[in-house]
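The block underneath contains the structure these notes are about, expressed in structure tokens.
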Number of protein chains: 2
Amino acid sequence: MRNVVHREGAGAAGVDPQQLWLGAARTGRGRKPAFSREAITAAAVALADAEGLDAVTMRRVAAEVGAGVMSLYSYAPDKETLLELMVDHVSGELPTDGPLTGDWRADLKAIGHLQRALMLRHPWLPTALTARRTLGPHALAFLERALAALRPTRLDGAAKLEVFSQLTGFVAGHVGYEIAQSAAAEAPGRAAAEARYLAAVAADGHHPELAAALAAPGRPLTPEATFTRFLDRLIDGLDTG
Amino acid sequence: MRNVVHREGAGAAGVDPQQLWLGAARTGRGRKPAFSREAITAAAVALADAEGLDAVTMRRVAAEVGAGVMSLYSYAPDKETLLELMVDHVSGELPTDGPLTGDWRADLKAIGHLQRALMLRHPWLPTALTARRTLGPHALAFLERALAALRPTRLDGAAKLEVFSQLTGFVAGHVGYEIAQSAAAEAPGRAAAEARYLAAVAADGHHPELAAALAAPGRPLTPEATFTRFLDRLIDGLDTG
DNA sequence: ACCATTCTCGTACAGTGTACGGAAATAATG
DNA sequence: CATTATTTCCGTACACTGTACGAGAATGGT
């Protein structure tokens, strides 16, 4: 047999998470691995941090690690799985052991800010999270912490899990938007073109509200402040069940 | 010159939205187009609806409309642009002319539900929206309506635009999650494997909160109800400035 | 010494987006 | 009407992707 880690299931897409995360340890038999899942994942993360998710190709990662391309497949059954490994790898940067205040709303907000900071450090993360995702050990440790923060509420289990999932989704969405905005700001020609386009549309007479909105700009808000405001709204609005 | 619609700007990625959406009309000169942007876009949308976004390749779309592959490039400068055309195409399904109640929160909630319904009808939409996006005419018409709904508030222009953007992002995030959930439910082996994995993790003693959450399931909530709850929280929490 | 096992990786293949450039069609111009 | 400019059509080709296959190398158990 060719790859202990991932004999596939009954035709379904994706990899059995149990095999992936709790896979059997080496038997000792056979050739020794020349690389490690850790090292490969770290290289892929470094690549994504430096050049974006599109730069993460099997060939690039292999070159970075000094392996042959196909050797990667001994450590991850396919590229999608490698992405999941990357996600869990950076999830390890999230602190899971500080004290909780006991004010679950405050704790949850802190958790949201931690997630945002992580995503800003790894801008490819919101995109990678969109894909199918099984929780790896680091993500599970962080989930454990979020559940602990939610302990004071009387939400049932399913509701707690859902709150965490929604929170993560919200943060990913917001940060993804933030990143797109700042990327646009760094390409001045592009941003100017977009502004010109909107101005042209507003001037056509069929979009009075847009024209009014563009005419009354207001002071520019920092993304941080906007994030905090929306996060607070979301969490303050949660029912305690 | 080869393609009037999209002479590119100063090296920046993407296409000038003004050229794309307000491009000059035909001069009359030259060979007559055998297809249309509409038809091509509609074919791409049908393909995505039926077989998912991955099925939308230039070759497949071309075959579907009966064109040669490279002919598509006379109607859209690249594939990313075709995706934007698709997004705006389905955005045309959003109603923009019903009466507003005057209760801006209610109106905004209705807008959110419309967006959700659209995304459920075109499950690839949340994914496609994640990418860079310039507002096409249909999206602009809908934005116009959202701004009208926000008229009773005293938010400044930038804040209104931001609320719309955040609302769209939130809905996309939620529906994307909804779709992933239901897709997992339809692959029973996969879902069972995931449940087994979580159970195994909960049983390891290091995740007491997770174990507790899984033990106290609560009745399953419909996605619709969950969406409504989160949407209400978000909108009820908005400051009127 | 043999063998089962495990890992390494060169080669190959199907599939992708799209650059290039010739052929065909059309309208304006002489 | 002939010419020419313009626009569209599309076959071919290329670089690049993920990954299936399978031969060879390394290891530990017997």
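In the text below, chain A, chain B and the rest are named by the order of the sequence lines, each starting its count at 1. What you see is a predicted model; the values in this text were computed from it and never measured.
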**Message:** Categorize A:Ala62 for me: base, sugar-phosphate, or nothing, with a 4.0 angstrom heavy-atom threshold over every strand shown.
**Reply:** nothing
**Request:** Using the salt bridge (charged side-chain N to carboxylate O under 4.0 Å, His left out) rule, collect all pairs that involve residues 78-94 of chain A, keeping only residues at least two apart or in two chains.
**Result:** A:Glu93-A:Arg121
**Pairs satisfying salt bridge (charged side-chain N to carboxylate O under 4.0 Å, His left out), at least one member in residues 111-120 of chain A, at least two apart** = A:Arg116-A:Glu178, A:Arg116-A:Glu224
**Message:** Below the 4.0 Å mark, does C:dC7 have OP1 or OP2 next to a side-chain nitrogen or oxygen of A:Ser71?
**Reply:** no
**Asked** So, is B:Tyr75 near the phosphate of D:dC9, with a side-chain N or O under 4.0 Å from OP1 or OP2?
**Response** yes
**Request:** Show your reasoning for whether side chain to side chain contact (heavy atoms under 4.5 Å, CB included) applies to A:Met58 and A:Met70.
**Result:** CA-CA 8 Å; A:Met58 298 305 267; A:Met70 292 312 291; over 6 Å; no
Quickly work out the [X] [atom1] to [N] [atom2] distance and round it to whole Å.
| X | N | atom1 | atom2 | value |
| --- | --- | --- | --- | --- |
| B:Leu82 | C:dG17 | CG | P | 10 Å |
| A:Tyr73 | D:dG22 | OH | C1' | 16 Å |
| A:Arg37 | C:dT8 | CZ | C1' | 17 Å |
| B:Arg60 | C:dA14 | CZ | P | 18 Å |
| A:Lys79 | D:dC16 | NZ | C1' | 12 Å |
| A:Met58 | C:dC9 | CE | P | 14 Å |

Shorter than 3.5 Å, N or O on both sides, protein versus nucleotides 25-30 of chain C: list them out with atom names.
| unit_1 | atom_1 | unit_2 | atom_2 | d |
| --- | --- | --- | --- | --- |
| C:dA28 | O4' | B:Arg29 | NH1 | 3.1 |

**Asked** For the side chain of B:Ala34, counting heavy atoms from C-beta on, which of C:dC7, C:dC9, D:dC9 is nearest?
**Response** D:dC9
**Request:** If a pair satisfies ring pair (Phe, Tyr, Trp, His ring centres under 6.0 Å) and one of its residues is in residues 173-192 of chain A, list it, with sequence neighbours excluded.
**Result:** A:His174-A:Phe227
**Message:** Is it true that A:Thr168 and A:Gln115 share a donor-acceptor pair across their side chains at a distance under 3.5 Å?
**Reply:** yes
**Message:** Would you say A:Thr134 and B:Glu194 are linked by a side-chain donor-acceptor pair, where the criterion is simply a distance under 3.5 Å?
**Reply:** no
**Message:** Salt bridge check, A:Glu51 against A:Arg60: does any charged N sit closer than 4.0 Å to a carboxylate O?
**Reply:** yes
**Prompt:** So which one's nearest nucleotide on DNA chain D is more toward 5', B:Leu72 or A:Glu80?
**Reply:** B:Leu72
Distances under 3.5 Å between nitrogen or oxygen atoms of protein and nucleotides 11-14 of chain D:
none

**ring-ring contact (aromatic ring centres under 6.0 Å, His included) against B:His138, all qualifying residues, sequence neighbours excluded** = none
**Asked** Any side-chain heavy atom of B:Val45 sitting closer than 4.5 Å to one from B:Leu85?
**Response** no
